[in-house]
Amino acid sequence: MSIADNLNRIKNQLEKGVELVAVSKTKPIANIEEAYQAGQLIFGENRPQELQQKAETLPKDIEWHMIGHLQSNKVKYIAPYVSLIHSIYKLSTLEEVNKRAKQNNRTIRVLLQMHIAEEESKFGLTRQKLENFLASPSLKELENIKIVGMMGMATFTDDKKKVKSEFDTLKTIFDQTKENYFKGNTDFKILSMGMSGDFKIAMDSGSNMVRIGSDIFGKRENH
Ligand SMILES: *Cc1c(COP(=O)(O)O)cnc(C)c1O
């Protein structure tokens, strides 16, 4: 199966209104070009310098998404290029994104990453921390960022019921957050959940953005 075939197979499984982020982390430029030729314009990376290099090399109409853990000292590498950051869960990181966006004369869109999985190793905000985060007065001063939704990862397990219930939880938090903090704000609408192994379950729970890597590009070496 070619990358183009894989892309087509996946697109046929996407529900209406669901956007596909092709996760190209660790994969070579040639693989991304192949997907681009097949019409894919949104790509996800999880290493800032890798995103920077690829963005500088590849066509300018590609939308680059940062999907992995982001350290503040690396925001500068992606600030000129990134279209959406999926992985914000600390105010200090968001302040740095705002600062770098301003330096680049742009507004950067971000998602709040929620911790919904059982594994401690996964990053993100708990419900309580989300409340504190959204209540912080300094949030309003960040004029060069736009919070446009939420992202979450389910536990890595074969237990589909568990995965479904975690995605359902995130959908509930998303709806409540929209109602309580972003009412009337039409920008807050992205719910990024679902990867190769669980994107169908995620769509059943109301995801409108899926992040798919190995089903498109094949297995990765180590990540
Ligand atoms: C790697 C990664 C993906 C894609 O995972 P696959 O299982 O290869 O589809 C999605 N989201 C995040 C946050 C990732 O780090």
Side-chain angles (χ1 to χ4, degrees), residues 3-29 31-48 50-55 57-70 77-79 81-89 97 108-114 116-117 122-124 146-154 156 163 167 170-171 174 187-220 223:
I3 288 171
D5 290 338
N6 291 340
L7 267 172
N8 270 329
R9 196 186 61 242
I10 287 158
K11 279 189 197 156
N12 286 333
Q13 297 175 67
L14 294 185
E15 280 162 30
K16 202 162 160 270
V18 177
E19 282 212 277
L20 171 63
V21 180
V23 176
S24 49
K25 62 189 186 193
T26 80
K27 296 294 175 183
I29 297 280
N31 285 184
I32 301 174
E33 279 170 338
E34 201 177 328
Y36 177 80
Q37 295 302 335
Q40 179 65 26
L41 290 178
I42 308 178
F43 293 89
E45 291 285 335
N46 73 341
R47 300 273 162 93
E50 191 176 334
L51 188 154
Q52 178 187 31
Q53 279 171 8
K54 287 173 173 172
T57 312
L58 284 152
K60 300 296 170 235
D61 58 342
I62 288 180
E63 256 191 48
W64 294 99
H65 289 197
M66 177 70 201
I67 60 169
H69 177 58
L70 180 60
Y77 298 122
I78 62 171
Y81 312 103
V82 74
S83 155
L84 180 64
I85 300 174
H86 290 230
S87 45
I88 294 295
Y89 60 94
V97 172
I108 295 179
R109 301 180 307 143
V110 306
L111 303 179
L112 302 178
Q113 181 171 356
M114 297 300 298
I116 51 168
K122 292 203 165 118
F123 298 102
K146 203 179 265 180
I147 299 174
V148 296
M150 292 182 152
M151 183 273 243
M153 289 163 90
F156 187 71
V163 171
F167 284 147
L170 180 52
K171 174 69 160 89
F174 174 83
D187 292 322
F188 190 89
K189 61 183 173 201
I190 298 178
L191 182 53
S192 166
M193 52 185 198
M195 322 192 344
S196 292
D198 57 20
F199 73 95
K200 279 183 226 151
I201 304 176
M203 288 190 300
D204 283 345
S205 297
S207 166
N208 56 24
M209 183 174 280
V210 295
R211 311 173 310 270
I212 299 183
S214 39
D215 272 7
I216 298 172
F217 297 107
K219 281 207 166 58
R220 287 175 300 273
H223 251 274

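- Between atom CD1 of residue Ile32 and atom CD1 of residue Ile3 there is a gap of 9.0 Å, rounded to the nearest 0.5 Å.
- Taken to the nearest 0.5 Å, the CD atom of Gln53 stands 11.0 Å off from the CG atom of Leu58.
- The closest side-chain heavy-atom distance from Val21 to Val210 is not below 4.5 Å.
- Proximity of a side-chain donor or acceptor of Ser83 to a complementary backbone N or O of Trp64 within less than 3.5 Å is not detected.
- Partners of Lys171 according to the salt bridge (Lys or Arg N to Asp or Glu O under 4.0 Å) rule, which considers only residues two or more places apart in sequence or in another chain, are Asp175.
- The main-chain N or O of Lys189 is found under 3.5 Å from a side-chain atom of Asn208 such that the two form a donor-acceptor pair.
- Contacts of Lys146 classified as salt bridge (Lys or Arg N to Asp or Glu O under 4.0 Å), with partners at least two apart in sequence or in another chain: Asp187.
- Judged as a ring pair (Phe, Tyr, Trp, His ring centres under 6.0 Å), and not counting sequence neighbours, the contacts of Phe123 are His69, Tyr89.
- Atom NZ of Lys11 has more than 12 neighbouring heavy atoms from other residues, nucleotides or ligands inside a 6.0 Å radius.
- Applying the ring pair (Phe, Tyr, Trp, His ring centres under 6.0 Å) test to Phe174 and every residue at least two apart in sequence or in another chain returns Phe188.
- Atom CG of residue Leu51 and atom NE2 of residue His65 lie 10.0 Å apart, to the nearest 0.5 angstrom.
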Problem set entry | Candidate pair Val23 and Phe43, rule side-chain contact (heavy atoms from CB on, under 4.5 Å), full reasoning | CA-CA 6 Å; Val23 176; Phe43 293 89; over 6 Å; no
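- With sequence neighbours left out, Glu45 forms a side-chain hydrogen bond (donor to acceptor under 3.5 Å, both in side chains) with Ser24, Lys54.
- Counting all heavy atoms, side chain and backbone alike, Val163 lies closest to Ala154 at CG1-CB, 3.8 Å.
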Exercise. Met151 and Arg211: side-chain contact (heavy atoms from CB on, under 4.5 Å), yes or no, with the steps?
Worked result: CA-CA 10 Å; Met151 183 273 243; Arg211 311 173 310 270; 3.4 Å; yes
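- Judged by distance alone, with hydrogens and angles left aside, the side-chain atoms of Lys60 form a donor-acceptor pair with the main-chain N or O of Ala55 at under 3.5 Å.
- Sorted pairs that involve residues 34-44 and meet salt bridge (charged side-chain N to carboxylate O under 4.0 Å, His left out), not counting sequence neighbours, are lacking altogether.
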Problem set entry | side-chain contact (heavy atoms from CB on, under 4.5 Å) between Asp215 and Asn6, worked out | CA-CA 7 Å; Asp215 272 7; Asn6 291 340; over 6 Å; no
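- Annotation: the span from Leu7 atom CG to Ile216 atom CD1 amounts to 4.5 Å, rounded to 0.5 Å.
- Inspection of the Ser214 and Arg220 side chains reveals no N or O donor paired with an N or O acceptor under 3.5 Å.
- Atom-to-atom distance recorded for Ile212:CD1 and Gln40:CD is 9.5 Å, nearest 0.5 angstrom.
- Minimum heavy-atom separation, Ala38 to Ala4: CB-CB, 3.9 Å.
- Between Ile108 and Ala79, the shortest heavy-atom contact is CD1-O, 3.7 Å.
- Without hydrogens or angle criteria, Asp198 side chain to Met195 main chain gives a donor-acceptor distance under 3.5 Å.
- A distance of 9.5 Å separates CD of Glu19 from CG of Leu84, quoted to the nearest 0.5 Å.
- The two residues Leu70 and Ser87 make their nearest non-hydrogen contact at CB-OG, 4.3 Å.
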For this session: Start with the C-alpha gap between Gln113 and Leu111, add the side-chain angles, then the distance that decides, and say whether side-chain contact (heavy atoms from CB on, under 4.5 Å) holds.
Result: CA-CA 6 Å; Gln113 181 171 356; Leu111 303 179; over 6 Å; no
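- Counting non-hydrogen atoms of neighbouring residues, nucleotides and ligands closer than 6.0 angstrom, the CD atom of Glu63 exceeds 12 such neighbours.
- Annotation for Ser207 and Leu191: closest pair OG-O, 3.4 Å, computed over non-hydrogen atoms.
- A distance-only check finds no donor-acceptor pair linking the side chain of Asn31 to the backbone of Lys27 [under 3.5 Å].
- Between Ser205 and Phe167 the shortest heavy-atom distance is OG-CB, 3.4 Å.
- Screening Arg47, Gln52, Glu50 against Tyr77 for a side chain to side chain contact (heavy atoms under 4.5 Å, CB included) leaves a single residue, Gln52.
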